[in-house]
Amino acid sequence: MPLSSYRMHRIYLAATMNYGLGSDDPEELAYYHKIKKEMADIKKGLVKKGIPLNWNTPEKTDK
């Protein structure tokens, strides 16, 4: 039986707020771990794609 949208939302909230799931249902656990993995992948991607800082910029001159 697929998860209802209400239950999916509750699992999503638990995963994004770092709460435990409190359920032993394999389908709910799989969805919870899927959300947690996606969040970890996003965090890793943001670190790698950060804005490079260039400290050697020439100073602006007023004319």
Side-chain angles (χ1 to χ4, degrees):
M1 183 172 126
L3 293 172
S4 68
S5 60
Y6 173 77
R7 191 65 194 147
M8 289 173 71
H9 180 68
R10 300 287 293 190
I11 294 168
Y12 176 80
L13 288 176
T16 57
M17 297 178 74
N18 291 324
Y19 291 163
L21 185 57
S23 174
D24 293 333
D25 182 20
E27 192 172 359
E28 291 179 1
L29 285 172
Y31 186 68
Y32 179 81
H33 291 300
K34 176 185 166 197
I35 298 295
K36 294 292 274 187
K37 183 181 179 301
E38 288 175 1
M39 288 174 32
D41 291 344
I42 289 171
K43 286 181 184 176
K44 287 178 188 175
L46 291 176
V47 172
K48 290 180 183 177
K49 296 178 185 175
I51 300 171
L53 298 175
N54 186 2
W55 296 106
N56 298 326
T57 57
E59 294 182 22
K60 294 182 180 179
T61 56
D62 294 330
K63 293 184 178 181

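We're numbering straight along the sequence, starting at 1. Values reported hereafter were calculated over all heavy atoms of this structure, with side chains retained and with hydrogens, waters and symmetry mates removed.
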Give the table of side-chain donor-acceptor pairs shorter than 3.5 Å for residues 2-14, with sequence neighbours excluded, one pair per line with atom names and distance.
| residue | atom | partner | partner atom | Å |
| --- | --- | --- | --- | --- |
| S4 | OG | R7 | N | 3.2 |
| R7 | NE | E28 | OE2 | 3.0 |
| R7 | NH2 | E28 | OE1 | 3.3 |

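Legend: salt bridge (charged side-chain N to carboxylate O under 4.0 Å, His left out) pairs involving residues 11-26, not counting sequence neighbours: none detected.
Partners of K37 according to the salt bridge (Lys or Arg N to Asp or Glu O under 4.0 Å) rule, which considers only residues two or more places apart in sequence or in another chain, are D41. Residues that satisfy the side-chain contact (heavy atoms from CB on, under 4.5 Å) test with K36, not counting sequence neighbours, are A15, N18, Y32.
Hydrophobic clustering, with ILVMFWY side chains joined whenever heavy atoms are under 4.5 angstrom apart, keeps Y19 apart from L21.
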